[in-house]
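All remarks here apply to the structure that follows.
These numbers come from the heavy atoms of this one structure, side chains and all, not from hydrogens, waters or symmetry mates. Predicted, not measured: the structure shown is a model, and the values here were computed from it.
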Amino acid sequence: QDVFLTCEVSDSETWKQGKISHNIETIPRPDKLPVNLDVIKIPLFDAQKEPSGLLVIGRDISEHITAQEQLTSLNHAYKLTNQIRHVIIHAKTEALLLDKICQLIIQQKEFCLAWIGIKETDTQQTIRPVAQAGLNSHFLNTLTICCEDDLSPAIAIRSGVIHQSQQSCSNMDLQDEQKNRIAGLLS
């Protein structure tokens, strides 16, 4: 029944236009990923030009859409990798190299904040930001992040694997003042 309710708007639009429609419709499913359907709707009329039926042909294109999204993501990563190679060749200093890498990541428009941190050798094994770009990146200098924290940078350093997150500051173990300063930055 949810499928019919979801399609009601496009059904109505097809009747109103009185011609074949072709759309991609997303059907929500409880406790599952939504289904994406490529749908063709053909309004049928009787001899008096009154609506008599609606022929609907649809196919599930969810896997195709997922594959397209993955391909787009890989293309962005490939483009970024090539840009970083160029920066590595032409950077005069390590600081310029790291700053430019952060800027390139922001220019991809998938992230609003990018930064690179170095693990210190102090007893807390703090992570010190050495390059940053994007939305309010200067606030990173006010944070204290340690390798034992349950935050993306600490996870990346511990695992040796790139880790990205859309994490809010509400679940971080930070002082209230620090939380207020970075509210929304990591989301």
Side-chain angles (χ1 to χ4, degrees), residues 1-45 51-88 98 100-117 131-137 145 149-172 182-187:
Q1 177 154 355
D2 290 341
V3 172
F4 296 116
L5 292 174
T6 303
C7 299
E8 189 175 9
V9 172
S10 62
D11 290 352
S12 178
E13 190 63 30
T14 300
W15 282 113
K16 190 181 346 178
Q17 291 180 0
K19 61 182 183 177
I20 296 172
S21 68
H22 186 191
N23 299 301
I24 295 175
E25 297 192 15
T26 302
I27 310 299
R29 297 187 301 175
D31 303 328
K32 293 182 181 179
L33 292 174
V35 175
N36 295 297
L37 300 174
D38 181 11
V39 179
I40 297 172
K41 295 183 179 184
I42 304 169
L44 304 174
F45 300 95
S52 63
L54 187 64
L55 174 62
V56 179
I57 304 167
R59 66 185 175 113
D60 185 348
I61 59 168
S62 300
E63 288 182 16
H64 176 73
I65 289 176
T66 300
Q68 274 184 320
E69 290 168 353
Q70 289 172 342
L71 182 60
T72 299
S73 180
L74 287 172
N75 282 335
H76 283 300
Y78 177 72
K79 180 180 176 184
L80 181 61
T81 300
N82 283 335
Q83 290 173 331
I84 289 173
R85 284 184 185 139
H86 181 77
V87 169
I88 289 170
L98 299 178
K100 186 63 177 170
I101 289 172
C102 289
Q103 291 169 15
L104 288 172
I105 291 169
I106 296 303
Q107 289 170 0
Q108 292 287 315
K109 295 185 178 31
E110 290 184 34
F111 300 98
C112 63
L113 174 65
W115 64 282
I116 298 172
Q132 54 212 357
L135 181 67
N136 297 324
S137 61
I145 300 174
D149 291 341
D150 194 24
L151 301 172
S152 293
I155 294 168
I157 286 178
R158 286 195 310 267
S159 67
V161 177
I162 293 173
H163 192 271
Q164 65 189 40
S165 177
Q166 292 156 355
Q167 191 170 27
S168 71
C169 63
S170 62
N171 61 349
M172 296 182 202
I182 64 166
L185 288 180
L186 299 177
S187 60

Evaluate Leu37 against Asp60 for side chain to side chain contact (heavy atoms under 4.5 Å, CB included), listing each step before the verdict.
CA-CA 5 Å; Leu37 300 174; Asp60 185 348; 4.1 Å; yes
Nearest-0.5 Å distance that lies between atom CG in Leu33 and atom OG1 in Thr26:
11.5 Å
Report the C-alpha distance between Gln83 and Ile101 in whole Å, list the side-chain angles of each, state the deciding distance to 0.1 Å, and finish with yes or no for side chain to side chain contact (heavy atoms under 4.5 Å, CB included).
CA-CA 9 Å; Gln83 290 173 331; Ile101 289 172; over 6 Å; no
Supply the atom-to-atom distance Asn23 CG to Thr14 OG1, rounded to the nearest 0.5 angstrom.
6.5 Å
I'd like to know whether Glu25 forms a side chain to side chain contact (heavy atoms under 4.5 Å, CB included) with Ser10, so could you lay out the CA-CA distance, the side-chain angles of the two residues, the decisive distance to 0.1 Å, and finally the verdict.
CA-CA 9 Å; Glu25 297 192 15; Ser10 62; 2.5 Å; yes
For residues Gln103 and Gln107, is any side-chain donor paired with an opposing acceptor at under 3.5 Å?
no
Atom CZ of Arg29 with >12 non-hydrogen neighbours under 6.0 angstrom
yes
If you look at every heavy atom in Trp115 and Cys102, which pair is closest and at what distance?
CA-SG, 3.7 Å
Result block: side-chain N/O donor-acceptor pairs under 3.5 angstrom for residues 63-74, not counting sequence neighbours:
unit_1: Thr66; atom_1: OG1; unit_2: Ser62; atom_2: O; d: 3.1
unit_1: Thr72; atom_1: OG1; unit_2: Gln68; atom_2: O; d: 3.0

Is there side-chain contact between Leu54 and Pro43, with at least one heavy-atom pair below 4.5 Å?
yes
Which atom names give the shortest non-hydrogen contact between Pro28 and Pro34, and what distance separates them?
CA-CB, 4.1 Å
Report yes if the side chains of Glu13 and Lys41 come closer than 4.5 Å at any heavy-atom pair, otherwise no.
no
Atom pair CD/CD1 of Gln132 and Ile106 - distance to nearest 0.5 Å:
10.5 Å
